[in-house]
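Accompanying notes for the structure given below.
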Amino acid sequence: MAPWRGTKGGVYICSTHRRKPGVCTNTLTLPMAKTDDDILSVIEHDFLSPRMIEDLLRLVDSGGAETTGLLRVEKERLETEIQNLVRSVAAGVPGEAVAPEIRKLKGQLAKVEVKLRVPRREPPDLEKLRAALEQRSEQWKRDLRAEPQVARMLLRRLIGPVELWEGDPPDYVRWEAKTDATALLDGQYHDVASPTGFEPVF
């Protein structure tokens with residue numbers, strides 16, 4: 001299923017190696033059916049899992065409070081910097097030397113204050129969201145085992161290109177991919193950061 005790899009004779013091979021012999025030194029080949037099954041199994045177990053859903057719910061639950069807290073910290077920082085510059089003028093620093101910086105900081109402060117005045121959205125119904133995510137997770141698990149083209153489209157929403165290489169001990173293959181767990185939230189909730197990606201081994 002890895003989009004950056006070509007196929008030939010029922011195995012995955014490096015697409016660059018296939019198109020431009022001698023350019024890519026990667027000679028790794030993997031049986032397609034087994035590789036697909038292994039990767040999909042890890043995604044089902046680790047990615048479309050109750051643990052990932054709970055991680056997403058925690059992000060959603062804390063998102064608004066964290067944003068407000070960061071804005072308040074930034075507001076205090078800007079106010080402190082402005083006060084320090086004003087004090088420097090009282091201590092003898094020429095006003096024209098610090099006036100441009102004060103104007104710039106006041107402009108930044110005004111933008112932060114506008115954001116702080118924006119009404120906070122209502123806290124999400126976490127139980128309703130949990131039920132929706134569980135339903136979507138189960139549906140996507142079924143889709144991943146359905147027609148290959150549908151599975152590939154879904155995988156592109158969940159993970160970036162898959163990179164594979166030989167690992168240890170002998171006969172092990174490592175693979176990793178950048179993930180976007182927030183794809184599960186599409187249409188349900190917005191403005192949360194994606195949890196850390198995973199680097200499975202099979």
Side-chain angles (χ1 to χ4, degrees), residues 3-4 42-140 153-163 174-201:
W4 67 279
V42 173
I43 291 173
E44 290 166 347
H45 182 268
D46 292 346
F47 198 67
L48 299 175
S49 66
R51 178 183 58 79
M52 184 62 73
I53 289 174
E54 293 304 318
D55 287 344
L56 288 172
L57 291 173
R58 280 192 291 272
L59 284 172
V60 168
D61 193 31
S62 63
E66 288 182 359
T67 299
T68 300
L70 290 172
L71 288 172
R72 287 174 177 163
V73 169
E74 180 65 3
K75 179 175 182 291
E76 292 176 3
R77 183 187 70 80
L78 292 169
E79 289 173 339
T80 298
E81 289 193 25
I82 292 171
Q83 291 170 3
N84 289 339
L85 289 172
V86 171
R87 291 193 189 100
S88 71
V89 173
V93 176
E96 61 271 17
V98 298
E101 183 65 17
I102 290 177
R103 284 195 297 271
K104 185 180 81 170
L105 292 173
K106 284 186 174 180
Q108 294 174 0
L109 178 60
K111 292 179 180 179
V112 170
E113 289 174 336
V114 167
K115 292 179 180 179
L116 282 170
R117 287 195 295 270
V118 173
R120 300 296 99 185
R121 70 173 68 191
E122 289 295 318
D125 185 335
L126 294 181
E127 290 307 313
K128 182 178 179 180
L129 183 57
R130 176 182 283 105
L133 292 179
E134 289 173 348
Q135 180 178 3
R136 177 170 289 177
S137 175
E138 291 304 314
Q139 179 60 53
W140 284 6
M153 291 175 62
L154 179 54
L155 280 177
R156 290 190 181 99
R157 297 183 64 185
L158 297 173
I159 62 176
V162 179
E163 298 181 11
R174 289 189 58 85
W175 69 276
E176 69 176 45
K178 292 183 178 180
T179 66
D180 182 13
T182 58
L184 274 170
L185 290 168
D186 286 352
Q188 302 289 342
Y189 198 81
H190 306 283
D191 303 327
V192 296
S194 177
T196 304
F198 56 90
E199 297 183 6
V201 180

Practice task
Go through the structure and list residues passing side chain to side chain contact (heavy atoms under 4.5 Å, CB included) with Pro94, not counting sequence neighbours.
Solution key: Glu96, Ala97

Exercise for the section: With sequence neighbours left out, write down each residue that passes side chain to side chain donor-acceptor pair (under 3.5 Å) with Gln108, or none if nothing qualifies. Expected result: none

Handout entry: Spacing of CZ belonging to Arg58 relative to CG belonging to Leu126, to within rounding of 0.5 Å
Key = 11.5 Å

Completion exercise
Looking only at heavy atoms, the pair that brings Ser137 and Ser49 closest together is OG-N, 4.3 Å

Exercise for the section: Report the distance from atom CD1 of Ile82 to atom CG of Leu109, rounding to the nearest 0.5 Å. Expected result: 5.0 Å

Practice task
Under the salt bridge (charged side-chain N to carboxylate O under 4.0 Å, His left out) rule, collect the residues that match up with Lys106, sequence neighbours excluded.
Solution key: none

Practice task
Starting at CG of Leu71, measure out to CG of Leu116 and round the result to the nearest 0.5 Å.
Solution key: 4.5 Å

Fill in the blank from the handout: The side chain to side chain donor-acceptor pair (under 3.5 Å) partners of Glu81 (sequence neighbours excluded) come to Arg77

Practice task
With sequence neighbours left out, write down each residue that passes side chain to side chain donor-acceptor pair (under 3.5 Å) with Lys111, or none if nothing qualifies.
Solution key: none

Problem - Set of residues satisfying salt bridge (charged side-chain N to carboxylate O under 4.0 Å, His left out) with respect to Glu79, sequence neighbours excluded - result: Lys75

Handout entry: NE2 on His45 to CZ on Arg51, rounded to 0.5 Å
Key = 8.5 Å

Completion exercise
Interatomic distance, CD1@Ile43 vs CG@Leu154, rounded to 0.5 Å, equals 8.5 Å

Problem - Contacts of Ala183 that satisfy side chain to side chain contact (heavy atoms under 4.5 Å, CB included) - sequence neighbours left out - result: Trp140, Leu158, Asp186

Practice task
Mind jotting down which residue pairs meet the salt bridge (charged side-chain N to carboxylate O under 4.0 Å, His left out) criterion with at least one end in residues 130-139? Sequence neighbours excluded, please.
Solution key: Glu54-Arg130, Glu127-Arg130, Glu138-Lys141

Which donor-acceptor pairs under 3.5 Å do the side chains of residues 83-91 make with protein atoms, sequence neighbours left out?
residue : atom : partner : partner atom : Å
Asn84   : OD1  : Arg87   : NH1          : 3.1
Asn84   : ND2  : Thr80   : O            : 3.3
Ser88   : OG   : Leu85   : O            : 2.5

